[in-house]
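In what follows, a structure is listed as structure tokens, so that the remarks can point back to it.
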Amino acid sequence: MIVTMIVVAEVGFWVLLVGGLSVRYLLRRPRAGAAILMCEPVLELALLVATVLDLRDGATASTRHSLAAMYIGFSVAYGHYTMTWADRHFAYRFAGGPKPAKPPKYGMARAAHEWRMWLRTALGAGIAAGLLQLAIWSVDDPDRTAALRDAQAPMGMVVGIWLLVALSYTLWPKKDPAGPVSGAPEGPAGSGSGSGSGVDAEPGVERRPA
């Protein structure tokens with residue numbers, strides 16, 4: 001049952017996301033689209049309730065219960081980020097919106113991006129670990145909750161590894177192999193399209209041709 005709920009929640013997330021964005025941009029009904037998108041947290045709530053009821057009915061905790069906690073935690077942490085990413089790309093493809101800027105690849109901008117991603121990962125892992133701990137206290141039976149305790153340590157390892165990645169980009173920033181564009185004027189005058197460098201001077205403001 002729990003595994004089925006996880007699959008339903010994941011499929012439902014994308015169905016609501018595509019449906020909400022379609023209503024917002026294709027049907028040009030932003031309020032109705034936003035209302036559909038706001039239904040997404042209901043899926044996580046339903047999964048949480050199903051997991052709690054399953055444990056309270058006497059089920060022994062297993063990997064499926066741990067996966068449910070992880071899914072909820074990382075959905076909360078990355079849900080808004082994913083929806084914003086999809087919204088920008090949908091607007092660009094179907095509503096003439098600005099071209100979405102790609103994540104930075106070099107320098108301290110890349111380091112800042114990695115730190116932001118680490119914070120999301122730490123938040124997701126923290127929520128998941130907290131839900132697991134609440135389940136352990138609620139059941140109050142070490143023999144039935146051993147799987148939940150075992151699932152907490154790997155999440156800490158993921159956060160630690162991502163922390164090392166963010167630190168590496170901070171201490172040893174990745175350099176742009178192309179280097180600075182020589183002779184390119186600074187300021188607004190340098191944002192023209194004739195430089196041939198392939199790098200947008202102002203990422204994210206390019207609009208699709210009419």
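- For Tyr71 (side chain) and Leu47 (main-chain N/O), no donor-acceptor pair under 3.5 Å exists by modelled atom type.
- A distance of 14.5 Å separates CG of Leu21 from CZ of Arg93, quoted to the nearest 0.5 Å.
- Listed here is the closest heavy atom pair of Pro154 and Ala151: CD-O, 3.4 Å.
- The stretch residues 23-48 participates, sequence neighbours left out, in these side-chain hydrogen bond (donor to acceptor under 3.5 Å, both in side chains) pairs: Arg24-Asp87, Tyr25-Asp87.
- Residue pairs meeting the side-chain hydrogen bond (donor to acceptor under 3.5 Å, both in side chains) criterion with at least one partner in residues 159-174, sequence neighbours excluded, are Arg110-Tyr169, Trp115-Thr170.
- Rounding to the nearest 0.5 Å gives a distance of 9.5 Å between CG of Leu48 and CG of Leu53.
- Between the side chain of Thr82 and the main chain of Tyr78, a donor-acceptor pair closer than 3.5 Å is present.
- Applying the side-chain contact (heavy atoms from CB on, under 4.5 Å) rule to Arg144 yields the partners Thr60, Val139, Asp141; only residues at least two apart in sequence or on another chain are considered.
- Side-chain atoms of His65 come within 3.5 Å of backbone N or O of Ser62 as a donor-acceptor pair.
- The CZ atom of Arg64 sits 10.5 Å away from the OG1 atom of Thr4 when rounded to the nearest 0.5 Å.
- Closest approach of Ala125 to Val159, counting heavy atoms only: CB-CG2, 3.5 Å.
- Going from atom CE of Met108 over to atom NE2 of His113 covers 14.0 Å, rounded to the nearest 0.5 Å.
- Within the model, atoms OG1 of Thr51 and CD1 of Ile2 stand 4.0 Å from one another, a figure rounded to the nearest 0.5 Å.
- Note that the CG atom of Leu43 and the CD atom of Glu10 stand 10.0 Å from one another [nearest 0.5 Å].
- Phe94 and Trp85 fall into different hydrophobic clusters, where Ile, Leu, Val, Met, Phe, Trp and Tyr side chains are chained together by heavy-atom contacts under 4.5 Å.
- Summarising the geometry of Leu16 relative to Ile36, their closest heavy-atom pair is O-CG2, 3.6 Å, with the distance given to 0.1 Å.
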Practice prompt. Let me see the working for Leu27 and Ser22 under side-chain contact (heavy atoms from CB on, under 4.5 Å), right down to the final yes or no.
Written response: CA-CA 7 Å; Leu27 301 183; Ser22 297; over 6 Å; no

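- Nearest heavy-atom pair, Tyr92 versus Pro98, reported as atom, atom and distance to 0.1 Å: CB-O, 3.7 Å.
- Counted within 6.0 Å of CZ on Arg149, heavy atoms from surrounding residues, nucleotides or ligands total more than 12; the atom is thus considered enclosed.
- Looking at Glu114 and Trp118, their side chains never bring a donor and an acceptor atom within 3.5 Å of each other.
- Other residues, nucleotides and ligands place more than 12 heavy atoms under 6.0 Å from the NE2 atom of His89.
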